[in-house]
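Here the structure comes first, spelled out in structure tokens, and everything after it is commentary.
Lettering follows sequence order; numbering is per chain, from 1. What's counted below: heavy atoms across the whole structure, side chains too, no hydrogens, waters or symmetry copies.
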Number of protein chains: 2
Amino acid sequence: MNAPQETGDLEGAMRAWTAALGAGAVLRDPARLTRAATATFATRQRVLGVLRPANREEVQACLRIATEHRVPVYPVSSGKNWGYGSGVPYRDAVVLDLSRLDAIVHFDEEMAYVTLQPGVTFRQLSAFLEARGSRLMLNPTGSSPDTSPIANALERGIGRGGYPDRFAHVCALEVVLPDGDAIRTGLDRFATSKVGKLYRWGVGPYVDGIFTQSNFGVVTEMTMWLAQRPSHLEVIYFSVDDEAKLAATFDALRRLLMQRVLTGGVGVWNDYKVLAAMGRHSTFGEEGKAIPKAKVAELRRAWAGGAWDGMGSIFASSAAHAEASRDVVTAALSPTVERLAYVSDSGTRVVKGHFPEEEARRLTAVLDDTMRGVPNEMALRQAYWRKKTEASPGMDLDQDRCGVVICAPVVPLVGDAIGRAIDLVERASLKHGFEPNISVICLHERAAEAVSSIFYDRDVAGEDERAAAWYAELLPALVEEGFIPYRMGINSTGILPESEAYKSFMKKLKGSLDPSNILAPGKYDI
Amino acid sequence: MNAPQETGDLEGAMRAWTAALGAGAVLRDPARLTRAATATFATRQRVLGVLRPANREEVQACLRIATEHRVPVYPVSSGKNWGYGSGVPYRDAVVLDLSRLDAIVHFDEEMAYVTLQPGVTFRQLSAFLEARGSRLMLNPTGSSPDTSPIANALERGIGRGGYPDRFAHVCALEVVLPDGDAIRTGLDRFATSKVGKLYRWGVGPYVDGIFTQSNFGVVTEMTMWLAQRPSHLEVIYFSVDDEAKLAATFDALRRLLMQRVLTGGVGVWNDYKVLAAMGRHSTFGEEGKAIPKAKVAELRRAWAGGAWDGMGSIFASSAAHAEASRDVVTAALSPTVERLAYVSDSGTRVVKGHFPEEEARRLTAVLDDTMRGVPNEMALRQAYWRKKTEASPGMDLDQDRCGVVICAPVVPLVGDAIGRAIDLVERASLKHGFEPNISVICLHERAAEAVSSIFYDRDVAGEDERAAAWYAELLPALVEEGFIPYRMGINSTGILPESEAYKSFMKKLKGSLDPSNILAPGKYDI
């Protein structure tokens, strides 16, 4: 890691920050710093302090002071970037905690958008919409309800619901630049504008994108478009038992997306992932060893699941439209899936195979969540898969010492290619003694993201090292094969084979906005 | 305009360009320069030369030499940015003509994309798809078939067909930076990538947007996604006779788009626009005067059109789906429209009002073009509305001295707001003696673009000045009312009320990539 002298005049900066924010908003006690430096895998970066600004003006002051004193700061919203480094900076830095900027600034039911600050969580937004009886759908991630929609959009995360490609549905950013200047983007930068929150591109260069997966500015406000709940929503469930039929299933999904029968956000996940949500490794497996594929195939009989299970949705404008779409989906998927069902307000309609009573009830229950886009903690339980202790009440994966590392390559939405990526993930995981937990999320009609996680127990000696070895082997292997990650964590620096011209281009952009290199230095290798 | 000394060492640059490209690719004859400096309205900018590089390497050489000699260059593809300044630079410059980079580099029917160079035209691409019997739809503009899809995407123009928001469906740019470096964007920058042309965001900052409506680089290659022709396409036609019902019609369209019954690209245009496509001003109007609204209302009886006519489409995956969607559209639009019809492969289905025989035939003919996305020259004829001479064979608006000025504000997709914008355009146009030609294009469920054009005869003394006065009055009035243009021409510098912070931000970006300010200086005020 960096030598302390690289961090500039830390004490001078601390005095200035204390003067600007008040002593209560500048934290330096060792326990707090250790907590902030803890992720779901081994890290060595130090957190030198935590700043808790209350509003945009204070964020401006924080950055101005950081630039003056040349002290690196690392912005986090909820700090729950689990699997990618939580709230831990790429290099030693003072953490800029944005959780106090938690206002829902503006809401428009008719035009279907909400304007947020970065400290707002999915849980908070969900409750806000619920309280207003809104017909708009939130599109939460598969992570904690206590994460930030803005932070997720800035990492270009994937959502559920009507707008799975989250970053494709945001606009009107307010950004604090490293020198402390604040700008608004798009047409929202003009005071008179009636279209600032309704149109993404603005006039002149479209700049929102450079503030994603980067360290060029701190986003203090963003408008997110929300999909309107359709008149008729049908949730589609299906299972693939024979892995030889998985490729054809993905090809069928691509054609359904191309033909707009499905609307994106189709997820397909493997049996390991279901197993991790249902229990603990110790119940099914042998200490320190990954459960072999054949064993999971046996186990899944208990819950009537497939080798792979999938879920998608039909957004229909009438019952007749829903029926027409169901017919097309059934025709496309029936040849390769074993269980196929549609769930809507009018109940569960099984069109192929048999769903046990309990499973059918569970499917119906999920519908309501999907309809309203209510975030849930189901996926989080998986992180405790190899733990021998209970989850803390808030399920704080960092403090509970859950091991989670995620590798999420983009894959063509083509069966054979996805099969190849899955194969790489499975081999590397089993080789290093981890279960391969894979969700393939079809983002749109051309590409999917193969979100691949391992879950382990950081309290078991050697596991952190094994996890790091898994990642160090898998990521380059995927890149070599052409499957580049859509997003990377603090454990991924220097891995991508960037050209000299591209590195020079990034350096110019960064240098122009942050000549002192104080904002999240090293993030995404910039 | 700029004093010549601002253009650096022009002669030195010319020698170096001639050495790099060959004498035949460096043009300086006065007739050619005058032609290149001619637009569809009065301009004073001088073209100092025209460079015609043959490939990306030559573009790199052109920019490297421009930077070395500090001579401004202005890239154009087809140079047909009609209504916004054609191929004329913002300030005195050497034109970098990219029309020789005309390769269709890559095509994939199954994954539905094409990779192009900037010199490729819509006509060329359409013929390419036709020759292959492709099921993919081109989405041409309303302008000439001889314009460049890449240039239109970079100006964030609107298309027809399945992907009306053109820039939302492109990726994998190859960009030559002002210093001559070339980069590739997104995941396409990695040699091994299997997903470079299938995924837009890449990893790290998403930078494609900063190369649109800007002067940060010259795009020499781009991948455009093409929509797949749906199993069942229904083109919807409707007319609004009573202008009081126009607002409610737009609100209904918004709800249909929100509910995904329609898929974007809905266009609604006024009777003036139809009149301009059908004949000449001299047939219907009084020399030098705009035809009053009441007179057009009389005239339109001859072609059974409305005060406003509209067209949209339903992308359906089956006949049953199409029928279900038609029912929803009919219920939504019937209360406010007078004539409503659906055109599909199986013929024209009139559900409200009466379409004369000839009109019904015309609708059916249009379907085929819309299905295949074939570009046509219909809209171009409007530019000759006040001319007394015939169009030249290639319909070169610049050389034929057609007067065309376009003002295209973004408007909320809300009836009342659109009404207010239309009112502003109508008043300003009639006041200055021009017919208001307006097309409102619903880009997606939240915003529309009110493309407002005037057509005049540049050979009539005083008309250029009147047109400039119209624009100088209308654009600020629209901005003041909150309707900011989605795109602007060379006649629009210094109009937008940019904040100091935003100007400084733009200046930093520009300065980092083009410190000598040689690439299209002044474009979009940068």
Which portion of [X] sits near chain A, non-hydrogen atoms under 4.5 angstrom:
X        : value
B/Val410 : both
B/Leu226 : backbone
B/Phe315 : side chain
B/Ile526 : side chain
B/Ala182 : backbone
B/Val414 : side chain
B/Tyr206 : both
B/Asn215 : neither
B/Arg420 : neither
B/Phe190 : side chain
B/Glu481 : both
B/Ser499 : neither
B/Glu155 : neither
B/Asp525 : neither

Test side chain to side chain contact (heavy atoms under 4.5 Å, CB included) applied to A/Leu177 and A/Leu63, step by step: CA-CA 8 Å; A/Leu177 300 173; A/Leu63 291 196; over 6 Å; no
Side chain, backbone, both or neither: which part of [X] has an atom under 4.5 Å from a heavy atom of chain B?
X        : result
A/Ala112 : both
A/Glu498 : both
A/Phe211 : side chain
A/Leu198 : both
A/Val328 : side chain

Between B/Gln259 and B/Arg255: side-chain donor-acceptor atoms closer than 3.5 Å: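 Distance-only check fails for B/Gln259 and B/Arg255.
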No-hydrogen, no-angle side-chain donor-acceptor test under 3.5 Å, A/Asp208 and A/Trp201: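 No pair is found: no donor N or O on one side chain lies under 3.5 Å from an acceptor on the other.
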A/Lys194 to B/Phe483 six-membered ring, cation-pi geometry met (6.0 Å, 45°):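 Yes - A/Lys194 lies over the ring of B/Phe483, closer than 6.0 Å to its centre and within 45° of its axis.
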Ring-face cation of A/Arg446 near B/Tyr113 (centre distance under 6.0 Å, axis angle within 45°):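 Negative - A/Arg446 is either too far from the ring of B/Tyr113 or too far off its axis.
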Short side-chain to backbone donor-acceptor contact, [X] and [Y], under 3.5 Å:
X        : Y        : value
B/Ser231 : B/Ser318 : no
A/Thr330 : A/Arg326 : yes
A/Asp514 : A/Pro178 : no
B/Arg189 : B/Arg184 : no

Which one of [options] has the most heavy-atom pairs closer than 4.5 Å to chain A?
options                                : answer
B/Lys523, B/Glu110, B/Arg487, B/Lys197 : B/Glu110
B/Phe167, B/Phe505, B/Tyr486, B/Phe216 : B/Phe505
B/Gly204, B/Ser504, B/Ala501, B/Ala320 : B/Gly204
B/Val261, B/Asp181, B/Ile210           : B/Ile210
B/Pro412, B/Ala191, B/Pro409, B/Ser214 : B/Pro412
B/Gly209, B/Pro205, B/Ala324           : B/Pro205

Among [options], which residue has the highest count of heavy-atom pairs closer than 4.5 Å to chain B?
options                                : result
A/Glu323, A/Glu449, A/Glu500, A/Lys507 : A/Glu449
A/Ala417, A/Ser325, A/Gly162           : A/Gly162
A/Glu480, A/Met506, A/Arg156           : A/Arg156

Electrostatic pair A/Arg254-A/Glu445, nearest N-O below 4.0 angstrom: no
Lys/Arg N to Asp/Glu carboxylate O, A/Arg200 vs A/Asp188, below 4.0 Å: no
Ring centroid separation B/Trp225 to B/Tyr163 under 6.0 Å: no
Full working for ring-ring contact (aromatic ring centres under 6.0 Å, His included) between B/His321 and A/His321: CA-CA 5 Å; B/His321 177 179; A/His321 176 179; 4.1 Å; yes
Check against side chain to side chain contact (heavy atoms under 4.5 Å, CB included), A/Arg64 and A/Asp179: CA-CA 5 Å; A/Arg64 210 175 287 123; A/Asp179 64 4; over 6 Å; no
Side chain to side chain, A/Val203 and B/Met488, heavy atoms closer than 4.5 Å: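 A side-chain contact exists here, since the closest heavy-atom pair is under 4.5 Å.
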A/Leu413 and A/Ile418: CA distance, side-chain angles, deciding distance, side chain to side chain contact (heavy atoms under 4.5 Å, CB included) verdict: CA-CA 7 Å; A/Leu413 186 38; A/Ile418 296 176; 3.9 Å; yes
